[in-house]
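Basis for what follows: all heavy atoms, side chains included, without hydrogens, waters or symmetry-related copies. Here is the naming used below: chain letters follow the sequence lines, and residue numbers restart at 1 for every chain. The structure displayed is predicted, hence computed values, not measured ones.
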Amino acid sequence: MGNLISMEGNQAAAEAMRQINPDAMAAYPITPQTEVVQTFAQFVADGRVDTEFVTVESEHSAMSACVAAAASGTRVMTATSANGMALMWEILYIAASTRLPIVMALVNRALSANINIHCDHSDSMGARDTGWIQLFCENGQEAYDSLIQAVRIAEHPQVRLPVMVCYDGFIISHAVECLELLKDNEVQKFIGEFKSVNSLLDISHPYTFGPLDLYDFYFEHKRQQIEAYGPAKQTVIEVGKQFGSLSGREYGLFEAYHLQDARLAIVLMGSAAGTAKEAVDRLRANGLPIGVLKLRAFRPFPSEELTQLLSRFEAVAVLDRAVSFGAAAGPLFTEISSALFASNHRPLLLNYIYGLGGRDIDIEDIQEVGKKLQKTAESGKVEQPFDYIGVRK
Amino acid sequence: MASLKQLSSKKELLTGGHRLCAGCGASIIVRQVLLAADTPVVIAASTGCLEVATTIFPYTAWRCSFIHCAFENAASTLSGVETAYRALKKKGETDQDMRFIAFSGDGGTYDIGIQALSGACERGHRMLYVCYDNQAYMNTGIQRSSATPLGAATTTSPAGKVLPGKTQNRKDLTEIIAAHHIPYVAQASPSRWNDLVSKAQRALQAEGPSFMNVLSPCPRGWRHPPNESIKIAQLAVDTCIWPLYEVAEDKWRLTYRPKQKPPVEEWLKTQGRFAHLFKGNNQQVIEQLQAEVDRRWEELLEKTS
Ligand SMILES: Cc1ncc(C[n+]2csc(CCOP(=O)(O)OP(=O)(O)O)c2C)c(N)n1
Ligand code: SF4
Ligand SMILES: [Mg+2]
């Protein structure tokens, strides 16, 4: 048994960062991420990390400095939320397309307008096409564990992509929970030494980063990048397994909760997965054959694995904590349904939008979803493909 | 400072064969600045003519390490490089003496990049930021910037039936950066290469951020023959449109005092972008510009006396 301690999610994330002890960190405060930056600044002030901490004047500069420091052969981390991530957006693409292994804690928060500091996944979803690996967490323990794994995933020679570890603002970031920390030397051993590739500071091998890349080469470069997400998927699995041997907590692309004998499933990401598990326990006690699929890796998206797993189900509800305005459904639903469409057998699908701007979702809400699934499966017909949970008309 | 002969035998870090226009001030400025470096350097550039014309994949005109990230972030990008350097030095992974130099246009500096530059100056990264100021967004086709002088015609401040080109004065960026009280700030021109190279030397010696604003003639955007670039740059210096001075440790010093101060008209006449000022009743714009140049020159004389 490791070191059991009670702390808030943000403190756990900061603790992971302290143990990782990156060479450089550039970050800017924003609720609900602020505490990560503050706690880390204190580590710097107390000499508990060797990190060069750059207190930039904006998130755009934070990500720019991270890109350059990573291109200069150092291990780099940052953290942000919502509007901060939106301001980084241009440089998020550059980080991924330059194949730089930056690790970021993204404390999920709703995007303006209107301004709202609470949780939803619209910030992550806005960045889903930037090329970053995106891992979603159910609680503070997973945020801590995933940040440590993210270093290994990002730096894997066949991956070399930035990773964002997403955890729900307030619900996870500000909730005190009892979690288990690794020892500093265990973390250091697990992540290993940083191996630099094409460093700007290697003066004997001058290197030009960020050239003008036109119609004669850009496309090939994109193809190479696209092909990195396959190895990235394998690496998420491998590193999750190895982390399991170290800590007893194994991770993969997703978690299947009571899916083995189920014919109905609820798919979702983040803290609401905990609520869904409790709801499913209650429904199962009443004889409903239902389980939860908690997706961890939204990017790379495990299409084949999910198709294999879900195609035999009778009905599946996908719960989205974000919207894609003007689209027919939420972003997670769109991904899942398009993955399943390639299969000969596919379940009836329902989509629910929930929890925007921090709106609570409770066990009863999800039990309702379970009952709707049962009705859908029994009738063999989707009556309402798209609905909301917990919103006034 | 080394003699011209010594400088000319130094290995150049920017090779020929890049795609900048003939007579472009940017490459001349880069070469003059880099002559001042006697350690290895890492270059950062913002999106603009210099960057696109020197790094067309699979080629690069840079013999040293170079990074381009985006348009508005040369300063924050270079602060990341400098931070990495300090981190590796602290860990004992390098003991190489190095310098970090950003080259960015006026658009990337006066306008969209001023926040990142101001932040980097305040944080105190040891780096030299050089603005090659060609007084417009040239790479995207000659649009006005806040460095564009009053009366200049650009594609977003064209001369028309009711408007005589740009209707605002240019921003005084050099003074804005001087107000950050960083160790070294200077204004230079490629027409006085010895002044420019020695300023770059002092900037690279500064133990903190340094900034140089260098006038960069652009035959395409200013509309003049390519072989007149340096002459036109010198005329800007002599008319006091572009005074040469430095602010070292908060001490203001004029580094060149024109013997005569020709009227700004002499400079305006050399460039097609001002041609409309000599037609119709636009004479008053020239007078306004002259008054502004005189006022700022007097102020500068006071600061440097
Ligand atoms: C965020 C962003 N906005 C706009 C552009 C388009 N753009 C590229 S270069 C440029 C102008 C560059 O002007 P300047 O910095 O003066 O350099 P110059 O081309 O004159 O050398 C613009 C507007 C961009 N690349 N990125
Ligand atoms: S357009 Fe002007 S700034 Fe751009 S390369 Fe040509 S001369 Fe230089
Ligand atoms: Mg310009």
Side-chain angles (χ1 to χ4, degrees), chain A residues 21-26 28 50-76 78 88 90-91 93-95 98 100 102 193-194 196 198-218 220-221, chain B residues 13 19 39-47 51-91 93-94 96 98 100 112-113 115-123 125 139:
Chain A
N21 194 11
D23 297 310
M25 160 126 163
Y28 193 83
D50 305 306
T51 311
E52 291 294 334
F53 180 41
V54 195
T55 47
V56 279
E57 82 299 329
S58 72
E59 287 87 353
H60 193 282
S61 285
M63 190 43 64
S64 303
C66 284
V67 161
S72 303
T74 58
R75 184 174 270 155
V76 183
T78 187
M88 283 179 180
E90 177 194 25
I91 314 299
Y93 274 85
I94 295 170
T98 314
L100 297 170
I102 300 162
E193 278 282 314
F194 180 76
S196 107
N198 300 331
S199 165
L200 280 169
L201 299 180
D202 178 3
I203 51 160
S204 50
H205 298 95
Y207 196 87
T208 292
F209 276 89
L212 181 66
D213 197 8
L214 300 174
Y215 35 67
D216 41 1
F217 289 102
Y218 181 90
E220 282 74 21
H221 290 150
Chain B
L13 297 177
R19 317 274 179 93
T39 63
V41 294
V42 177
I43 306 296
S46 63
T47 315
E51 167 267 325
V52 303
T54 57
T55 67
I56 307 175
F57 192 88
Y59 305 106
T60 179
W62 299 90
R63 288 204 179 101
C64 53
S65 278
F66 170 97
I67 182 167
H68 157 253
C69 183
F71 182 24
E72 63 280 60
N73 63 358
S76 44
T77 299
L78 199 59
S79 51
V81 178
E82 189 268 351
T83 299
Y85 173 68
R86 276 185 289 116
L88 295 187
K89 222 170 170 184
K90 191 156 80 181
K91 286 206 296 190
E93 288 182 19
T94 181
Q96 176 70 51
M98 289 177 88
F100 307 99
I112 202 165
Q115 170 183 322
L117 173 58
S118 175
C121 287
E122 185 270 337
R123 291 192 300 275
H125 300 277
N139 184 50

Let me confirm one number: the OG1-CD1 distance from B:Thr94 to A:Ile203, rounded to the nearest 0.5 Å. 7.5 Å

A:Thr208: which of B:Thr60, B:Thr55, B:Thr54 passes side-chain hydrogen bond (donor to acceptor under 3.5 Å, both in side chains): B:Thr60

Non-neighbouring partners of A:Ser196 that pass side chain to side chain donor-acceptor pair (under 3.5 Å), sequence neighbours left out: none

So which heavy atom on A:Thr51 is nearest to which on B:Lys90, and how close? O-NZ, 4.0 Å

B:Glu82 versus chain A, the contacting section by heavy-atom distance below 4.5 Å: neither

B:Cys64 versus chain A, the contacting section by heavy-atom distance below 4.5 Å: backbone

Max heavy-atom pair count under 4.5 Å with chain B, selected residue of A:Ala65, A:Ala70, A:Ser58, A:Gly73: A:Ala65

Assess the residue pair A:Thr74 and B:Leu88 against the criterion (side-chain contact (heavy atoms from CB on, under 4.5 Å)); give the C-alpha distance rounded to whole Å, side-chain angles, the decisive distance to 0.1 Å, and a yes or no. CA-CA 8 Å; A:Thr74 58; B:Leu88 295 187; 3.7 Å; yes

Other residues, nucleotides, ligands: >12 heavy atoms within 6.0 Å of A:Phe217 CZ: yes

Would you say that more than 12 heavy atoms from the other residues, nucleotides or ligands in this model lie under 6.0 Å from the CD of A:Glu220, or not? yes

How far does CD of B:Glu93 sit from CG of A:Asp23, to the nearest 0.5 angstrom? 7.0 Å

Any chance you could measure B:Thr77, atom OG1, to A:Ile94, atom CD1, to the nearest 0.5 Å? 8.0 Å

Which one of B:Lys91, B:Gln96, B:Glu72, B:Arg63 has the most heavy-atom pairs closer than 4.5 Å to chain A? B:Glu72

Locate the shortest heavy-atom distance separating B:His68 from A:Gly210; write the atom from each residue and the value. ND1-O, 2.8 Å

About how many Å separate CD1 of B:Ile67 and OH of A:Tyr207, when rounded to the nearest 0.5 Å? 10.5 Å

Within a 6.0 Å radius of atom CZ on A:Phe53, are there more than 12 heavy atoms belonging to other residues, nucleotides or ligands? yes

Cut-off 4.5 Å, heavy atoms of chain B, and the answer for A:Ser61 is both

Which bit of A:Leu200 is near chain B, if near means a heavy-atom gap under 4.5 Å: side chain, backbone, both or neither? both

Nearest 0.5 Å please: distance from the SG atom of B:Cys69 over to the CD atom of A:Glu90. 7.5 Å

Contact part of B:Glu51 toward chain A, heavy-atom cut-off under 4.5 Å: side chain, backbone, both or neither? side chain

As an exercise, state the distance from CE of A:Met25 to OG1 of B:Thr83, rounded to the nearest 0.5 Å. 13.0 Å

Where does A:Ala26 contact chain B at under 4.5 Å (heavy atoms): side chain, backbone, both or neither? neither

Residues at least two apart in sequence or cross-chain that pass salt bridge (charged side-chain N to carboxylate O under 4.0 Å, His left out) with B:Arg123, listed by chain then number, are A:Glu57

At a 4.5 Å cut-off on heavy atoms, which part of B:Val81 comes close to chain A: side chain, backbone, both, or neither? both

Counting only non-hydrogen atoms closer than 4.5 Å, does B:Phe100 touch chain A with its backbone (N, CA, C, O), its side chain (CB onward), both, or neither? side chain

Checking A:Thr98 against chain B: side chain, backbone, both or neither under 4.5 Å from a heavy atom? neither

Measure distances from A:Leu201 to the heavy atoms of chain B and classify the residue's part below 4.5 Å as side chain, backbone, both or neither. both

What part of A:His221 gets closer than 4.5 Å to chain B, counting heavy atoms only: side chain, backbone, both or neither? side chain

Residue pair B:Tyr85 / A:Ser72, side-chain heavy-atom distance below 4.5 Å: no

